[in-house]
Amino acid sequence: MRILALDTATSATAAAHLDTATGTEVQARDDPPPGVRPRHTTKLISLLTEVLQRSGSDWAELDRIAVGVGPGTFTGLRIGVATARALARAHGVPLVGVSTLQSLALGAAGAEATSVVMPVLDARRGEVFAAAWPARRSASSCWDPLLAPLAVTPQSLAELAPQLGADRLAVGDGSVAFRAVLECSGTRVPEDDSELHRVSAINHCRLAGGQPPQDPAGVRPQYLRLPDAELARRATQRK
């Protein structure tokens, strides 16, 4: 199976191609410097084209397209999902939406000795997007979460964490941003520069290979909360 994947849930733009028959993996990404806005609109298509060319594949040979549905930034998810839907329809390729948090968990599973992987993304406004899965290398679709994805304050997550098991590993930019809070709960966090904190589209490919394709119209972003503009509008109405 040949799978093309993309993710725009965070500031990074990630793309990957996986050939499950040969095990060949090709990845490309754009990580904007601190203070620079995400470049999903300008980088996504070129990164997808790059991984296809480097893998020696083309659109007609794809068996599946995978897209990270978040949670993540409102604008980033909208760009990624809309692009994936359009590409799936244009090229007649089945589409699969995968959890960005579950992909992070898969990337960390087995990388360090642990029983629970807790992916954490910085949601801004003093919150994080988080979930937890038992540590395992398998990308089976029946890999059920110990903690379903949610938007929560770092302190509330730290209070929930001990209920997930004694041996926990937190990964993702949210775990770096709120390291002190999470470590006080007994949760381990890899070094700031660890690759485990980066969303990798190759893990989207692995997850998508074990899931059934969906109608493109049914693949939707997992926002978990209202966008900033809507929250501001409601706050204004209450005044």
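In this structure Arg179 satisfies the salt bridge (Lys or Arg N to Asp or Glu O under 4.0 Å) test together with Glu183, Asp192, sequence neighbours excluded. For Asp173, the salt bridge (Lys or Arg N to Asp or Glu O under 4.0 Å) test picks out no residue, with sequence neighbours left out. Remark: Arg198 engages Asp31, Glu195 in a salt bridge (Lys or Arg N to Asp or Glu O under 4.0 Å) (not counting sequence neighbours). Under the rule for a side-chain contact (heavy atoms from CB on, under 4.5 Å), Ala148 has no partner lying at least two apart in sequence or in another chain. Arg188 is linked by a salt bridge (Lys or Arg N to Asp or Glu O under 4.0 Å) to Glu112, Asp167, counting only residues two or more places apart in sequence or in another chain. For Leu77, the side-chain contact (heavy atoms from CB on, under 4.5 Å) partners at least two apart in sequence or on another chain are Ala9, Pro221, Tyr223.
In the hydrophobic clustering of ILVMFWY residues, with side-chain heavy atoms under 4.5 Å counting as a link, Leu104 and Val116 come out apart. Each of Leu146 and Trp143 belongs to its own hydrophobic cluster when Ile, Leu, Val, Met, Phe, Trp and Tyr are linked at side-chain heavy-atom distances under 4.5 angstrom. Residues Leu224 and Val81 do not share a hydrophobic cluster, defined by chaining ILVMFWY side chains whose heavy atoms lie under 4.5 Å apart. No single ILVMFWY cluster, assembled from side-chain heavy atoms under 4.5 Å apart, contains both Val181 and Leu160. Note on Val128: it does not cluster hydrophobically with Leu101, by side-chain heavy-atom contacts below 4.5 Å among ILVMFWY residues.
Between Pro119 and Ala131 the shortest heavy-atom distance is CD-O, 3.2 Å. Taking every heavy atom of both residues into account, Glu61 and Gly56 meet most closely at OE1-O, 3.9 Å. Counting all heavy atoms, side chain and backbone alike, Gly126 lies closest to Pro154 at O-CD, 3.2 Å. Heavy atoms only, all atoms of each residue included: Pro216 and Leu95 are closest at CA-CD2, 3.9 Å. Across every non-hydrogen atom of Arg220 and Ala217, the tightest pair is NE-O, 3.5 Å. Nearest heavy atom pair, residue Asn203 against residue Ser103, reads CB-OG, 3.2 Å.
The backbone N or O of Glu191 sits less than 3.5 Å from a side-chain atom of His197, completing a donor-acceptor pair. A donor-acceptor pair under 3.5 Å is formed between the side chain of Ser55 and the backbone N or O of Val51. In terms of modelled atom types and a separation under 3.5 Å, the side chain of His40 and the main chain of Thr10 share a donor-acceptor contact. Distance alone, capped at 3.5 Å, places no donor-acceptor pair between the Arg206 side chain and the Ala201 backbone. With hydrogens and angles ignored, the 3.5 Å screen pairs no side-chain donor or acceptor of Trp59 with any backbone N or O of Ala90.
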Given side chain to side chain contact (heavy atoms under 4.5 Å, CB included), test Leu48 with Leu4 step by step and report yes or no.
CA-CA 8 Å; Leu48 292 172; Leu4 181 72; 4.0 Å; yes

Side chain to side chain donor-acceptor pair (under 3.5 Å) for Thr49 and Ser46? Distances and angles first, verdict last.
CA-CA 5 Å; Thr49 301; Ser46 63; over 6 Å; no

Kindly determine whether Thr41 and Ile79 satisfy side chain to side chain contact (heavy atoms under 4.5 Å, CB included), including the steps that lead there.
CA-CA 7 Å; Thr41 303; Ile79 292 169; 3.4 Å; yes

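Side-chain contacts under 4.5 Å among hydrophobic residues (ILVMFWY), followed directly or transitively, place Ile3 together with Met1. Using a 4.5 Å cut-off between side-chain heavy atoms of Ile, Leu, Val, Met, Phe, Trp and Tyr, Val36 forms no hydrophobic cluster with any other residue. Summarising the hydrophobic clusters (Ile, Leu, Val, Met, Phe, Trp, Tyr; side-chain heavy atoms under 4.5 Å, direct or chained), the residues clustered with Ile202 are Leu18.
Counting only residues at least two apart or on different chains, the salt bridge (charged side-chain N to carboxylate O under 4.0 Å, His left out) pairs with a member in residues 10-19 are Arg2-Asp19. The side-chain hydrogen bond (donor to acceptor under 3.5 Å, both in side chains) pairs that include a residue from residues 72-89 number zero, where partners must be two or more places apart or lie in different chains. Screening residues 40-54 for salt bridge (charged side-chain N to carboxylate O under 4.0 Å, His left out) gives Glu50-Arg54 as the qualifying pairs, with residues at least two apart or on separate chains.
Counting heavy atoms from C-beta outward, His204 and Asp7 have side chains that approach closer than 4.5 Å. Side-chain contact between Pro190 and Val171 is present, with at least one heavy-atom pair separated by less than 4.5 Å. Residues Arg64 and Pro213 have side chains in contact (heavy-atom distance under 4.5 Å, counting atoms from C-beta outward). Side-chain contact check for Thr187 versus Met118: some heavy-atom pair is nearer than 4.5 Å. Residues Leu157 and Leu182 have side chains in contact (heavy-atom distance under 4.5 Å, counting atoms from C-beta outward). In this structure, the side chains of Leu147 and Trp133 stay at 4.5 Å or more apart for every pair of heavy atoms. Between Ser57 and His17 there is a side-chain heavy-atom pair separated by less than 4.5 Å. The closest side-chain heavy-atom distance from Gln214 to Val96 is below 4.5 Å.
Interatomic distance, Arg225 CZ to Leu150 CG, rounded to the nearest 0.5 Å: 11.5 Å. Between the OG atom in Ser99 and the CG atom in Leu207 there is a gap of 8.0 Å [rounded to 0.5 Å]. The OG atom of Ser175 sits 13.0 Å away from atom CZ of Arg168, with the distance rounded to the nearest 0.5 Å. From Ser185, atom OG reaches atom CG of Leu164 across 9.5 Å, with rounding to the nearest 0.5 Å. Here the CD-CZ distance, from Gln222 to Phe129, works out to 9.0 Å after rounding to the nearest 0.5 Å. Atom CG of Leu6 and atom CD1 of Ile65 lie 8.0 Å apart (nearest 0.5 Å).
With Arg39 as the fixed residue, the side-chain hydrogen bond (donor to acceptor under 3.5 Å, both in side chains) test singles out one of Thr13, Asp30, Thr8: Asp30.
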